[in-house]
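Computed from heavy atoms alone, side chains included, the values below leave out hydrogens, waters and symmetry copies.
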Amino acid sequence: MKVVILAGGFGTRFSEESHLKPKPMIEIGEKPILWHIMKMYSYYGYNEFVICCGYKQHVIKEWFADYYLHNSDITFDFRNGENQMIVHNNYLEPWKVTLVDTGLHTMTGGRVRRVREHLGNETFLLTYGDGVADINIPELVDFHRKNGKMVTITTVMPGGRFGILDMQEDGSIKSFKEKKKEDGGWINAGFMVLEPELLDLIEGDDTVLERYPLAEAARRGQMDGYKHKGFWQCMDTLREKQILEKMWESGNAPWKIWD
């Protein structure tokens, strides 16, 4: 099952660093948050990724292009007029990563639609490139398959500054609303499981995933919410980055489920 990660936005609420790099490349513990997200999925055996790039997409591509070099011990031998590189040891992730330039101004739904050719006609995983959690991904997938809906989204209850979902006791979602500061309750935390039929609800680059496709799936009774009561944290601001950084440095990062 492939993992699609939305990594193309401008990150305007994170202007301290996003003028230099896309938000998913902002680092926690000297690794981009994108890497942390991928490590979470990889721990459970999901190792095939499709990254929806956009703003400063070259930064993401160059980081992966140099990943092998940066994670190996190297000797460069320039003696005798040669340029020899000797790799002493290295650690490579078991990843296949497809990086797709989905456009500078494309909306979230449009970005997913643009990578359709890389997904085939299969169920796929989708999340945002700016949030980490200790979600049990296989349990999420099993929940999705058991209920047989078009969309399953992971839901959390972080407080009142996000929008709400009208969720029933059995997890069925009857309405999907965009986040508003005055709302509270269960919110969309990303970490979704989607059937390929959802892609038919995306009209083009201007389609916002959260406004029509997900809202329409909920209206049709084709959306379920997987309630996650563990750790979840998005990284929208410098303050939130500092929170995550402090957790990582203390050795108490709940999302670090890998060794």
Side-chain angles (χ1 to χ4, degrees), residues 2-28 31-42 46-67 93 95-120 124-133 151 153-154 162-163 178-179 188-194 196 198-215 233-238 240-241 244:
K2 296 178 182 177
V3 182
V4 178
I5 303 178
L6 293 166
F10 286 93
T12 53
R13 286 181 288 180
F14 214 115
S15 58
E16 296 87 352
E17 294 190 49
S18 60
H19 68 290
L20 298 172
K21 62 182 74 171
K23 187 164 65 167
M25 296 305 293
I26 294 174
E27 296 180 351
I28 301 169
K31 293 288 189 181
I33 191 171
L34 177 63
W35 177 87
H36 290 261
I37 295 167
M38 295 171 71
K39 288 287 284 187
M40 292 160 48
Y41 280 102
S42 185
Y46 298 96
N47 291 310
E48 193 164 353
F49 299 92
V50 179
I51 312 296
C52 300
C53 305
Y55 173 67
K56 294 189 180 295
Q57 49 90 24
H58 67 281
V59 175
I60 302 176
K61 292 178 178 177
E62 290 170 2
W63 188 83
F64 278 104
D66 292 334
Y67 191 84
E93 308 288 351
W95 296 345
K96 178 181 178 181
V97 185
T98 300
L99 303 166
V100 181
D101 182 1
T102 57
L104 185 60
H105 299 287
T106 309
M107 297 293 101
T108 49
R111 294 191 190 282
V112 178
R113 186 175 184 268
R114 283 207 187 192
V115 301
R116 186 171 194 168
E117 65 180 285
H118 300 285
L119 302 178
F124 64 97
L125 302 165
L126 171 69
T127 196
Y128 304 103
D130 62 356
V132 289
V151 181
I153 63 175
T154 296
F162 294 90
E178 286 195 277
K179 55 189 176 183
N188 172 21
F191 300 97
M192 310 175 211
V193 189
L194 302 98
L198 182 84
L199 299 172
D200 295 330
L201 301 178
I202 303 173
E203 295 183 355
D205 286 355
D206 294 333
T207 302
V208 178
L209 182 69
E210 301 77 7
R211 286 186 184 167
Y212 179 73
L214 294 186
Q233 178 64 58
C234 63
M235 191 182 71
D236 276 340
T237 65
L238 178 60
E240 290 168 339
K241 177 196 170 176
L244 294 171

For D200, does the CG atom sit with more than 12 other heavy atoms under 6.0 Å from it, leaving out its own atoms?
-> yes

### Task
For E93, look at atom CD and say whether over 12 heavy atoms of other residues, nucleotides or ligands are found less than 6.0 Å away.
yes

Does some side-chain heavy atom of [Y] sit less than 4.5 Å from a side-chain heavy atom of [X]?
X: W63; Y: L34; answer: no
X: M192; Y: F124; answer: no
X: K23; Y: D236; answer: yes
X: D205; Y: R114; answer: yes
X: L209; Y: R111; answer: no
X: T207; Y: P213; answer: yes
X: M38; Y: V97; answer: yes
X: F191; Y: L125; answer: no

Minimum heavy-atom separation for [X] and [Y], please, with both atom names.
X: P32; Y: P24; answer: CB-O, 3.5 Å
X: G110; Y: I202; answer: N-CG2, 4.0 Å
X: N47; Y: S42; answer: OD1-OG, 2.5 Å
X: G131; Y: I33; answer: N-CD1, 4.0 Å

Test side-chain contact (heavy atoms from CB on, under 4.5 Å) applied to F64 and I60, step by step:
CA-CA 6 Å; F64 278 104; I60 302 176; 3.8 Å; yes

Is the F49 ring parallel, tilted or perpendicular to the W95 ring (thresholds 30°, 60°)? perpendicular

Rounded to the nearest 0.5 Å, what separation is found between the [atom1] atom of [X] and the [atom2] atom of [Y]?
X: I26; Y: K241; atom1: CD1; atom2: NZ; result: 6.5 Å
X: T98; Y: I51; atom1: OG1; atom2: CD1; result: 8.5 Å
X: K56; Y: F10; atom1: NZ; atom2: CZ; result: 10.0 Å
X: R211; Y: M107; atom1: CZ; atom2: CE; result: 8.5 Å
X: L244; Y: E27; atom1: CG; atom2: CD; result: 13.5 Å
X: E62; Y: Q57; atom1: CD; atom2: CD; result: 9.0 Å

Using modelled atom types only, decide if a donor and an acceptor are shared between the side chain of [X] and the backbone of [Y] within a distance under 3.5 Å.
X: K2; Y: H118; answer: yes
X: T102; Y: C53; answer: yes
X: H36; Y: I28; answer: yes

The side chain to side chain contact (heavy atoms under 4.5 Å, CB included) partner of V112 among V50, T106, L199 is L199

When V151, I5, V4 are each screened for side chain to side chain contact (heavy atoms under 4.5 Å, CB included) with L126, the one that passes is V4

